[in-house]
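Remember, predicted model here, so these are calculated numbers, not experimental data.
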Amino acid sequence: ERFLQSSYQLTETQTKLPEKNEKILNLKGISHILSPLKLLNSNLTEVNQINLTGWEEKKPLFIYQNSLIKPKFYLTTDFVIAQTLEEFERILFDPKFDPLMQIVIEKNIPVIKTNNLEFSVKSIGETHEKIKLQVTTNTDSVLVAQQTFYKGWHAYIDKNLTEIFPVNLSHQGIVVPKGNHEVVFE
């Protein structure tokens, strides 16, 4: 109740999100942001404004689209290992870490980094309980599913059960071997 009765006062009308915040947005696959301030980041495009009724001040909320978002499903061979939250934070805020090119996982996997990764991921069907993909890759890779990692999900490659592991702390990943495969999450 106290939270609902509290308020805050904005003294600025615009701002730029710090680079650390941009990294988190990109790492987490956040496509849209609501802000009471105009945002000046080059990767954020204003797509709409909302004028809420009931606010004492008639200031709009701005809706921004993040142009640096990765697809919901993608492949990579570039990963960094973090076994603790402290390591994850250190990696995330290292200036050399690029969340658009790299992922963070908890343990080593049988994937060799390559700069020549070629792949395609095509959604065949998606419901709340099942995702079916057609995946083609020229080398063993990590398929990243930008959906919440949850131990209740199972993954199959060509109908064979495979391990799902956390990617970027909260998304799902599986190792996909070179070739053309049907991948199912359920």
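- Both I109 and V176 are members of a single hydrophobic cluster when ILVMFWY side chains are connected at heavy-atom separations under 4.5 Å.
- Taking the side chain as every heavy atom from C-beta outward, T162 and V175 never approach each other to under 4.5 Å.
- The side-chain contact (heavy atoms from CB on, under 4.5 Å) test applied to P99 returns K23, N26, L27, F97, not counting sequence neighbours.
- For the pair K159 and Y156, the cation does not sit on the ring face, since its NZ or CZ is not both under 6.0 Å from the ring centre and inside 45° of the axis.
- Between D140 and I112, the closest side-chain pair of non-hydrogen atoms is not below 4.5 Å.
- The pair E163-K107 meets the salt-bridge criterion, with a side-chain N (NZ, NE, NH1 or NH2) lying under 4.0 Å from an Asp/Glu carboxylate O.
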- request: Apply side-chain contact (heavy atoms from CB on, under 4.5 Å) to the pair H171 and F165, showing each step before the final yes or no.
  value: CA-CA 8 Å; H171 292 149; F165 50 88; over 6 Å; no
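- Side-chain atoms of T136 and N180 include a donor-acceptor pair closer than 3.5 Å.
- Cluster annotation: I105 and L117 are assigned to the same hydrophobic cluster (Ile/Leu/Val/Met/Phe/Trp/Tyr, side-chain heavy-atom contacts under 4.5 Å, transitive).
- Remark: K178 pairs with no residue by the salt bridge (charged side-chain N to carboxylate O under 4.0 Å, His left out) rule, at least two apart or across chains.
- Judged by distance alone, the side chain of Q172 and the main-chain N or O of T148 form a donor-acceptor pair under 3.5 Å.
- Checked by atom type, the side-chain pair N116/N138 shows no donor-acceptor distance below 3.5 Å.
- Taken to the nearest 0.5 Å, the CG atom of L34 stands 10.0 Å off from the CG atom of N48.
- A donor and an acceptor atom, one from each side chain of E182 and Q134, are nowhere located under 3.5 Å apart.
- Judged as a side-chain hydrogen bond (donor to acceptor under 3.5 Å, both in side chains), the pairs with a partner in residues 117-130 (not counting sequence neighbours) are, in order, K72-E126.
- Counting only N and O atoms by type, the side chains of T13 and K38 include no donor and acceptor under 3.5 Å apart.
- Tracing side-chain contacts under 4.5 Å through hydrophobic residues (I, L, V, M, F, W, Y), one never reaches I63 starting from I69; they form parts of separate clusters.
- Side chain of N66 to main chain of L68: a donor-acceptor pair is present (N/O by atom type, distance under 3.5 Å, no hydrogens or angles).
- Note: the hydrophobic cluster containing I131 also contains I164 (ILVMFWY, side chain heavy atoms under 4.5 Å, direct or indirect links).
- Taking every heavy atom of both residues into account, I174 and A155 meet most closely at CG2-CB, 3.8 Å.
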